[in-house]
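Every chain is numbered from 1 and lettered A, B, ... according to where its sequence line falls, protein lines coming before strand lines. What you see below is based on every heavy atom in this structure, not just the backbone, and it leaves out hydrogens, waters and symmetry mates. Predicted, not measured: the structure shown is a model, and the values here were computed from it.
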2 protein chains.
Amino acid sequence: MAKTEFSITCNLCEYLKDSLFNGLNPEDLEHINLHKTCIHYRKGQNLFYEGTRPMGLYCINGGKVKVFKNNVQGKEYIIYIAKPGDFLGYRALLSEEFYGATAQVLEDAKICFIPRDQFFSVLNRNPTFMRKVIKAVCHEMGIMEERLAELAHKSVRERLAANLLMLKETYGMEGEGSSLIDLALSREDLASIVGTATETVIRLLSEFKSDGLISFEGKKIRVIDPKKLAKQADLIVA
Amino acid sequence: MAKTEFSITCNLCEYLKDSLFNGLNPEDLEHINLHKTCIHYRKGQNLFYEGTRPMGLYCINGGKVKVFKNNVQGKEYIIYIAKPGDFLGYRALLSEEFYGATAQVLEDAKICFIPRDQFFSVLNRNPTFMRKVIKAVCHEMGIMEERLAELAHKSVRERLAANLLMLKETYGMEGEGSSLIDLALSREDLASIVGTATETVIRLLSEFKSDGLISFEGKKIRVIDPKKLAKQADLIVA
DNA sequence: AGCAAAACATGACTTTTGTCAGCCGAAAAA
DNA sequence: TTTTTCGGCTGACAAAAGTCATGTTTTGCT
């Protein structure tokens with residue numbers, strides 16, 4: 001269970017090109033590189049907890065991490081699932097607040113930690129980088145607004161279908177005519193994404209399956225008919 | 001129905017102290033001031049529409065504006081309600097995307113418009129201002145995450161109670177022991193905030209009223225017992 | 001391999017919420 | 001002033017989704 005370190009160099013990182021750090025000048029990237037710590041995490045370990053103070057920024061180099069809020073009864077709502085190349089914990093860091101959610105490793109992960117001060121010093125001397133950060137955060141916010149409206153007005157069936165399509169977009173591995181969602185999600189986690197009860201997800205999934213929209217492959221879901229799924233996600237009414 | 005201009009100077013604006021522009025150096029504030037246009041809007045007029053390109057930033061100097069998304073059936077979901085001192089439309093402007101929502105005047109308003117280029121030039125030469133913007137946006141995002149989790153797991157009754165308390169915090173005019181929500185909201189608008197049907201809001205409001213939690217004062221709602229309302233907002237189960 | 005725990009599945013039932021229809025009263029338009 | 005429209009309100013009903021109970025399968029552990 002001991003956290004084991006691993007070593008990697010930022011400017012050689014395979015995810016750099018998709019990351020916010022892409023385009024950062026070499027000296028600043030090296031500054032980040034020298035101060036980061038890279039650690040292996042096992043499934044189930046927590047990166048940070050809701051209500052605690054952020055000490056830095058997490059950068060995912062492998063595996064998957066879920067970020068969720070717990071409600072009074074202990075039920076989870078998953079805000080999002082981070083994959084390699086994603087940053088975690090920047091929201092609270094930048095707003096100078098406590099974490100609003102907990103981050104837990106879903107699949108064994110390799111994660112780099114950049115201390116708060118090092119990140120801020122790079123941020124503060126790079127207005128261009130700042131602009132990129134603003135742009136990214138505002139884009140995220142647009143997605144949030146979308147989800148908010150969806151949650152407010154769509155049925156559980158529609159939301160499940162929409163979320164399956166979303167997961168396919170983000171984690172889909174394309175095969176012939178169908179694509180596999182490369183994420184070992186439990187039904188409970190899926191329910192926490194959709195915002196419903198586990199039993200409801202189970203029932204709807206088996207409906208989708210018998211209607212030939214999806215199939216199960218081990219712990220993973222394969223999307224067979226994205227078009228029909230999209231129909232379920234929108235409104236059947238026309 | 002003609003839009004009529006009005007005149008105001010930024011550095012004399014009574015809302016400057018609560019605004020993001022507070023602390024901006026005098027030359028930049030004057031730059032904004034010289035390029036802004038200030039217009040009277042009547043109830044029902046639109047500032048901008050979902051799906052169109054942002055041309056600048058709106059700064060509210062009087063009145064109230066609702067920002068909402070329309071779903072397929074034309075049902076609204078109100079993302080938020082802006083009051084004097086608030087900025088509108090910066091999210092899409094900064095993410096360089098189309099507007100994700102529509103802004104419509106709820107109560108006759110006085111609104112200044114700052115063209116895109118003028119705002120960006122001030123932003124780009126003020127890293128400190130940028131940092132303030134990042135901080136504000138990230139704070140907003142935390143609120144969104146909160147609402148997302150609330151929408152996912154709370155019942156309509158809980159959400160209505162929570163939203164009434166929120167509206168009280170933001171628009172409340174304190175009286176002896178009770179506070180009036182200074183916002184002429186229709187039941188339909190309230191339903192669009194809570195994410196439910198108008199009839200449900202009506203029923204719950206009259207329950208809250210007969211339980212002595214709120215009372216009606218013209219078109220407005222008075223919060224009589226915030227404590228009990230908070231109990232309704234959380235979980236009664238304990 | 002064998003066992004315990006967790007995840008998945010299904011049925012029965014209840015509760016919540018949405019929808020539809022109709023009514024009333026106040027405000028706006030003619 | 002009359003008429004129309006709109007917002008608020010209520011009842012009846014249907015549909016959606018949650019809860020509870022129980023059984024089965026899978027997984028992980030020793």
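One atom, CG of A:L185, and another, P of D:dT26, lie 19 Å apart when rounded to the nearest Å. With rounding to whole Å, B:I202 atom CD1 is found 16 Å from C:dC20 atom P. If you measure from atom NZ of A:K209 to atom C1' of C:dC8, you get 12 Å, rounded to the nearest angstrom. One can place NE2 of B:H153 at 10 Å from P of D:dT19, the figure rounded to the nearest angstrom. Atom-to-atom, CG of A:L160 to P of D:dA17 comes out at 11 Å; the value is rounded to the nearest Å. Distance CD (B:E207) to P (D:dC9): 14 Å, rounded to an integer number of Å. Atom CD in A:Q73 sits about 13 Å away from atom P in D:dG18, given to the nearest Å. Distance A:E188 CD to C:dA9 P: 14 Å, rounded to the nearest Å.
Within the structure, every side-chain polar atom (N or O) of A:K219 is placed at least 4.0 Å from both OP1 and OP2 of C:dA7.
For A:Y15 against A:P84, the heavy-atom pair with the smallest separation is CZ-CB, 3.3 Å. Shown here for A:V105 and A:Y41, the closest heavy-atom pair between the two residues is CG2-CB, 3.6 Å. Annotation for A:A162 and A:E150: closest pair CB-OE2, 3.8 Å, computed over non-hydrogen atoms.
At least one cation-pi condition fails for A:K69 and A:Y77: the charged atom is not both under 6.0 angstrom from the six-membered ring centre and inside a 45 degree cone around its axis. Because its NZ or CZ atom is not both nearer than 6.0 Å to the ring centre of B:F98 and within 45° of the ring axis, B:R91 does not count as a cation-pi partner of that residue.
In the set D:dG8, D:dT10, C:dA7, the nucleotide with an atom closest to the side chain of B:R187 is D:dG8.
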Show me the protein contacts with nucleotides 14-18 of chain C, counting only N or O atoms at under 3.5 Å.
from	atom 1	to	atom 2	distance (Å)
C:dT17	OP1	B:V156	N	2.7
C:dG18	OP1	B:T196	OG1	3.3
C:dG18	OP2	B:T196	OG1	2.4
C:dG18	OP2	B:A197	N	3.4
C:dG18	OP2	B:T200	OG1	2.9

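Residue B:E199 places a side-chain atom within donor-acceptor reach of the base of C:dC20, judged by atom type and a 3.5 Å distance cut-off alone.
The six-membered or imidazole ring of B:F48 lies near that of B:Y58, with a centre-to-centre distance under 6.0 Å.
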